[in-house]
Amino acid sequence: MKKAFLIVLPIFLTGVQLTAQIYNRNKTINSVASVSLVGSWLGTLTNDNGLYPQTFTFQLTDRGEIIMASSNGTVAAKGTYSFINNSFNAAYKLFSSSETFAIAGTYDAGTQKLTCTQGSGTAITGQGKFTVGRTGGQPLTVNNGNLNINNNIKPGVKIVGNTTPPPTSTAPQRKAPNYGTTIYNSNTDLNEYYLKKATVNIWTGNDNKEVPACVTVNLYTNISSAYRMAGDNSTTNLVGSYPCDPNATREYAVNSKNTLPLMIAEVAWDVITYTPDYRPGEISLSAFNRNGLSLLIVYSPRFFADAWKIDKVELTVEFKKADGSLHPQLGNKTITFSESALLTEKNDRIKLVTDQFMLPLN
């Protein structure tokens, strides 16, 4: 009897241990399954090789939506996401250009971070990679009764908690000696992207621009020039323009599109004429990534009663390396500004602005 009892006891203990292991395993699985990704996420996006870091932020709602908003709270992109067995997948559309992107990655419960890759269209690679963490701290859980998820996270709300400073330039910086003289140097960074081309398309509405009237278009970075004179407190820097030429004006007909190529003020390199570079840091992508860009359109009528209706403006920028390779996202990027304006002698300009991600703010 004692011998039989001693044989049964280890079997019983083994059964208890197995039951405990199964319980603990199921508890772990259930706890993972209960993790919700609802909330705001913030991190860094780079290209596929880990270069050119940019701030990357989005919201995930309890309705399976991924939302990206500009700094003023305007929804710039929106799509859907799924989260199954720690695998995260999403697809979204960028409203300014109608481009679509796909995301795939995993959630690490230990670090509480999402690590993902991004691709254009249905591809999940080729457009960079990022790691983001929740800006609110600990992960939200489905069973946490203290959280009112439906009230806290709504589509289109302004993203909060982004205290990360904008990315700064990694290109070599140099103070210009003897301001006012022509400065040619060898400051082009072979790993940096530079603005090589900028084109503006303007859609005229139901009031045309007359032949005598003149139009000027200026492109700025929303930072001061590294070569500004002492006492210059300007917060923008002119990097491209389409100058007003009263001897070469033309009509912009009603309901028409007119294309204006901008002249770039600085030179990063020129492999055709071998022109030495000239202040390349002023037109580097790092400079644009600080605070975005501004596009100023100025109307100069020749008769006080003239008016010109603008319905839409598109700015297409091209960023390249010195070896000619295009930037993966901004190699040929079109930014659409939907703000309309009726320009007159007194109301003679419209200013269009983006954030540091090249997303339109108006």
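In this text, all values refer to a predicted model and were calculated from it rather than measured experimentally.
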Are the side chains of [Y] and [X] in contact, using a 4.5 Å heavy-atom criterion?
X: Val313; Y: Leu315; value: no
X: Val298; Y: Val215; value: no
X: Asn218; Y: Leu295; value: no

Determine, stepwise, if the pair Thr354 / Leu359 fulfils side-chain contact (heavy atoms from CB on, under 4.5 Å). CA-CA 5 Å; Thr354 76; Leu359 297 176; 5.8 Å; no
Assess whether a salt bridge exists between Lys346 and Asp348, defined as any Lys/Arg side-chain N lying under 4.0 Å from an Asp/Glu carboxylate O.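 Looking at Asp348 together with Lys346, the answer is no, because their closest N to O distance does not fall below 4.0 Å.
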Quick check against the 3.5 Å criterion: does Thr188 have a side-chain atom that pairs as donor or acceptor with the backbone of Ala268?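 Answer holds: yes.
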Side chain to side chain donor-acceptor pair (under 3.5 Å) between Tyr92 and Gln118: does it pass, once the steps are laid out? CA-CA 11 Å; Tyr92 66 89; Gln118 178 173 253; 2.5 Å; yes
With no hydrogens and no angle check, just 3.5 Å: does a side-chain donor-acceptor pair link [X] and [Y]?
X: Asn258; Y: Ser256; value: yes
X: Ser87; Y: Asn85; value: no
X: Glu65; Y: Thr80; value: no
X: Asn222; Y: Ser294; value: yes

Using the benzene-type ring in the case of Trp, are the ring centres of Phe88 and Phe83 under 6.0 Å apart? no
With a distance cut-off below 6.0 Å to the six-membered ring centre and an angular limit of 45° from the axis, does Lys312 pair with Trp203 as a cation-pi contact?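 Judged by the rule, Lys312 and Trp203 form a cation-pi pair.
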Taking the cut-offs as 6.0 angstrom to the six-membered ring centre and 45 degrees off its axis, would you call Arg349 and Tyr299 a cation-pi pair? no
When the ring planes of Trp41 and Phe58 are compared, do they come out parallel, tilted or perpendicular, using 30° and 60° as the limits? parallel
Go through the steps for Thr221 and Glu282 under the test side chain to side chain donor-acceptor pair (under 3.5 Å), then give the verdict. CA-CA 8 Å; Thr221 54; Glu282 303 287 275; over 6 Å; no
